[in-house]
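Keep in mind that this is a model prediction, so the values were computed, not measured.
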Amino acid sequence: SVISGIWALYSIMTYPKLITEMNTFTHPVPKWLVYVSFGYIIHDLLDLLINENSARILELLFHHVIVIIAFLITLITNKFLGVLMLGLLM
């Protein structure tokens, strides 16, 4: 999360259109962050399904599914990249 946070901050500072044109601006550098983060969240979801035994599993599954949907919408439509960058800062 430290790497993705720094990468998202770098992207926002280097490409300010990510904030001013949150729905339409696209650039390869922040998009690569979405690919890396997407891979991480898929890996984390699989690890969760295999190894998690606590009562929190439903909450964690819901979180992972929502994040995967958000990433897929951006990757498929090439929109909302700025929104994801702000989300990765949180």
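- Hydrophobic clustering (side-chain heavy atoms under 4.5 Å, transitive across Ile, Leu, Val, Met, Phe, Trp, Tyr) groups Phe38 together with Leu89.
- Between Leu60 and Ile57, every side-chain heavy-atom pair lies at or beyond the 4.5 Å cut-off.
- Looking only at side-chain heavy atoms (C-beta outward), His64 and Leu48 come within less than 4.5 Å of each other.
- Nearest heavy atom pair, residue Phe25 against residue Leu81, reads O-CB, 3.7 Å.
- No side-chain heavy atom of Tyr35 sits under 4.5 Å from any side-chain heavy atom of Phe71.
- At a threshold of 4.5 Å between side-chain heavy atoms, the hydrophobic network of Ile, Leu, Val, Met, Phe, Trp and Tyr places Ile69 and Leu86 in one connected group.
- When side chains are defined from C-beta on, Thr26 does not count as touching Lys79, because their heavy atoms never get closer than 4.5 Å.
- Atom NZ of Lys31 sits in a crowded spot, with more than 12 heavy atoms from other residues, nucleotides or ligands closer than 6.0 Å.
- No more than 12 heavy atoms of other residues, nucleotides or ligands sit less than 6.0 Å from atom CD1 of Ile3.
- Under the 4.5 Å side-chain heavy-atom criterion for grouping Ile, Leu, Val, Met, Phe, Trp and Tyr, Leu33 is connected to Met13 within one hydrophobic cluster.
- Within the 4.5 Å cutoff, the side chain of Ser11 has heavy atoms near those of the Leu18 side chain.
- Counting heavy atoms from C-beta on, the side chains of Thr74 and Val83 never come closer than 4.5 Å.
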